[in-house]
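Encoded as structure tokens, the structure appears first; notes follow it.
Indexing begins at 1, ligand by ligand and atom by atom, following the structure's order.
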Amino acid sequence: MKKYIVLTIALVGGLFLLDKILGQDPERRNLDFAPDMAQSVAYEAESPNPHFANGQTQQNPVAGTIARGFRPLNFGSTIEESLRAGEELVNPVEQTAALLERSKKIYKIYCQPCHGAGGQGDGPVTRRGYPPPPSLLLDGARNMKDGQIFHIITYGFKNMPPYNAQIEREDRWLSVAYIRKLQETQP
Ligand code: HEC
């Protein structure tokens with residue numbers, strides 16, 4: 001028994017001593033091992049930079065230019081703007097059999113959860129308390145221009161969230177085309 005007490009005291013004492021010897025000073029940085037990984041030789045994107053007149057590393061795009069692959073869409077997110085989109089935008093998608101297949105897929109993945117397989121606003125999400133959307137087969141959606149529906153998908157509409165981050169521009173047009181297909185087949 002006595003042996004264990006001595007051993008415990010020795011162990012605790014040893015640890016205490018070790019802590020004192022190795023003890024870290026919270027005021028001091030630890031030893032930097034291979035610091036090149038953390039502190040790069042190149043300027044970090046957000047760091048100040050003495051080589052540019054404005055003192056920043058990250059430079060703004062040249063005024064009046066557009067990044068490659070980025071096509072701006074100059075609309076606000078209001079209902080008035082969705083009506084303007086209806087007047088100004090033309091659906092670039094020509095519905096072919098292959099595209100129809102894809103448009104159906106887009107609709108099934110992104111729209112069906114709320115709007116339902118047939119567009120009647122009875123998707124599974126609405127059975128869990130989400131406000132059911134109006135049927136896409138009614139006059140409301142039928143009378144909307146393609147550009148307005150595209151705007152709704154891009155910017156959202158009242159209770160519907162925007163889907164521009166999830167769905168590519170072409171695919172958004174395709175889902176508009178699929179709504180038209182649903183409306184055609186179910187007059
Ligand atoms: C999270 C659920 C949800 C998803 C997903 C969704 N919507 Fe909606 N959508 C709604 C709701 C809710 C409304 C009704 C908005 C309101 O009036 O408050 C709506 C309205 C609409 C309208 C206007 C209908 C009308 O008559 O006013 C269109 C068109 C539409 N959605 C198209 C789509 C398309 C196309 C997709 C897929 C790309 C989609 N929505 C995905 C919930 C959703």
Side-chain angles (χ1 to χ4, degrees), residues 40 42-47 54 56-187:
S40 85
Y43 287 97
E44 301 280 347
E46 303 285 341
S47 66
N54 63 1
Q56 303 170 357
T57 296
Q58 233 173 7
Q59 296 296 298
N60 296 324
V62 176
T65 58
I66 294 168
R68 187 178 288 215
F70 177 79
R71 284 168 300 159
L73 204 59
N74 294 316
F75 289 97
S77 57
T78 58
I79 291 178
E80 293 73 42
E81 284 290 276
S82 77
L83 293 172
R84 182 165 76 86
E87 296 306 322
E88 294 179 11
L89 297 179
V90 180
N91 192 340
V93 171
E94 257 192 63
Q95 199 66 279
T96 61
L99 283 182
L100 181 66
E101 228 7 76
R102 179 157 181 88
S103 68
K104 185 174 178 183
K105 202 165 155 189
I106 302 293
Y107 181 87
K108 268 181 99 162
I109 296 171
Y110 296 105
C111 318
Q112 186 166 319
C114 297
H115 285 277
Q120 289 172 320
D122 55 356
V125 171
T126 64
R127 273 177 256 135
R128 306 260 169 176
Y130 201 87
S135 167
L136 295 173
L137 308 177
L138 294 179
D139 283 348
R142 269 181 209 273
N143 294 338
M144 284 177 183
K145 299 233 168 90
D146 282 6
Q148 186 181 358
I149 298 184
F150 176 81
H151 184 283
I152 287 175
I153 307 167
T154 306
Y155 295 96
F157 181 59
K158 299 190 218 166
N159 278 325
M160 176 175 153
Y163 277 85
N164 63 326
Q166 292 94 325
I167 316 176
E168 294 270 346
R169 188 184 288 214
E170 268 70 29
D171 286 343
R172 273 178 265 149
W173 281 117
L174 275 177
S175 62
V176 175
Y178 190 72
I179 292 179
R180 295 298 182 223
K181 189 79 195 166
L182 285 176
Q183 291 171 345
E184 253 173 53
T185 47
Q186 296 168 74

**OP:** Working to the nearest 0.5 Å, report the span between CD1 of Ile152 and NZ of Lys158.
**Re:**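 Rounded to the nearest 0.5 Å, the CD1-NZ separation comes out at 9.0 Å.
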
Original post:
Taking atom CD1 of Ile179 and atom CG of Leu174, what is their separation to the nearest 0.5 Å?
Top reply: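 One finds 11.5 Å between CD1 of Ile179 and CG of Leu174.
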
Cut-off 3.5 Å, no hydrogens considered: what does the side-chain donor-acceptor table look like for residues 108-130, sequence neighbours left out?
| unit_1 | atom_1 | unit_2 | atom_2 | d |
| --- | --- | --- | --- | --- |
| Thr126 | OG1 | Gly123 | O | 2.6 |
| Tyr130 | OH | Asn159 | O | 2.7 |

Per-atom contacts of ligand 1 with [X], taking only distances under 4.0 Å to non-hydrogen atoms:
{"X": "Asn159", "result": "12 (C), 15 (C), 16 (C), 18 (O)"}
{"X": "Ile167", "result": "38 (C)"}
{"X": "Ile179", "result": "35 (C)"}

Subject >> Crowding at CZ, Arg84 (>12 non-hydrogen neighbours, <6.0 Å) >> reply: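 Atom CZ in Arg84 is packed in, count exceeds 12.
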
Original post:
Just wondering, are more than 12 heavy atoms of other shown residues or ligands nearer than 6.0 Å to CD in Gln59?
Top reply: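 More than 12 within 6.0 Å, yes.
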
Looking only at atom types and distance, does a side-chain atom of [X] sit under 3.5 Å from a main-chain N or O of [Y], one as donor and one as acceptor?
{"X": "Arg169", "Y": "Arg71", "result": "yes"}
{"X": "Glu81", "Y": "Gly76", "result": "yes"}
{"X": "Thr154", "Y": "Phe150", "result": "yes"}

Identity and distance of the protein heavy atom lying nearest [atom]:
{"atom": "atom 14 (C) of ligand 1", "value": "Pro134 CD, 3.6 Å"}
{"atom": "atom 26 (O) of ligand 1", "value": "Ala141 N, 3.5 Å"}
{"atom": "atom 17 (O) of ligand 1", "value": "Lys158 CD, 3.8 Å"}
{"atom": "atom 23 (C) of ligand 1", "value": "Met144 CE, 3.8 Å"}

Original post:
Do any nitrogen or oxygen atoms of Ser135 come within less than 3.5 Å of a nitrogen or oxygen of ligand 1?
Top reply: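 By distance alone, the answer is no.
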
Original post:
Does Tyr107 come within less than 4.0 Å of ligand 1, judged by its heavy atoms?
Top reply: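 No.
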
Subject >> Within-shell test, Ile149 vs ligand 1, heavy atom, strictly < 4.0 Å >> reply: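 It does, in that a heavy atom of Ile149 comes within the 4.0 Å cut-off of ligand 1.
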
Original post:
Just wondering, do Thr57 and Glu44 contact through their side chains at under 4.5 Å, heavy atoms?
Top reply: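 Glu44 does not reach Thr57 side chain to side chain.
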
Original post:
List-wise, which protein N, O or S atoms are found short of 2.8 Å from atom 8 (Fe) of ligand 1?
Top reply: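 Atoms qualifying: His115 NE2, Met160 SD.
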
Original post:
If you measure from each non-hydrogen atom of Leu138 to ligand 1, which part falls under 4.0 Å: side chain, backbone, both or neither?
Top reply: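 No part of Leu138 comes within reach of ligand 1.
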
**OP:** Examine the proximity of ligand 1 to Val125 and report which part, side chain or backbone, both or neither, has a heavy atom under 4.0 Å away.
**Re:**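 Within the 4.0 Å criterion, Val125 makes no contact with ligand 1.
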
**OP:** Using the side-chain contact (heavy atoms from CB on, under 4.5 Å) rule, take Asp171 and Arg102 through it: C-alpha gap first, then chi angles, then the decisive distance, then the call.
**Re:** CA-CA 8 Å; Asp171 286 343; Arg102 179 157 181 88; 2.7 Å; yes

Original post:
Between the candidates Ser82, Pro131, Pro113, which shows the shortest non-hydrogen contact distance to atom 12 (C) of ligand 1?
Top reply: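 Closest candidate by heavy-atom distance is Pro131.
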
**OP:** Search all heavy atoms of Gly147 against all heavy atoms of Trp173 and return the closest pair with its distance.
**Re:**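 Closest approach of Gly147 to Trp173, heavy atoms only: CA-CH2, 3.9 Å.
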
**OP:** Determine the interplanar angle of the Phe75 and His151 rings, folded into 0 to 90°, and report it as parallel if under 30°, tilted if 30 to 60°, perpendicular if over 60°.
**Re:**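 Ring orientation of Phe75 relative to His151: perpendicular.
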
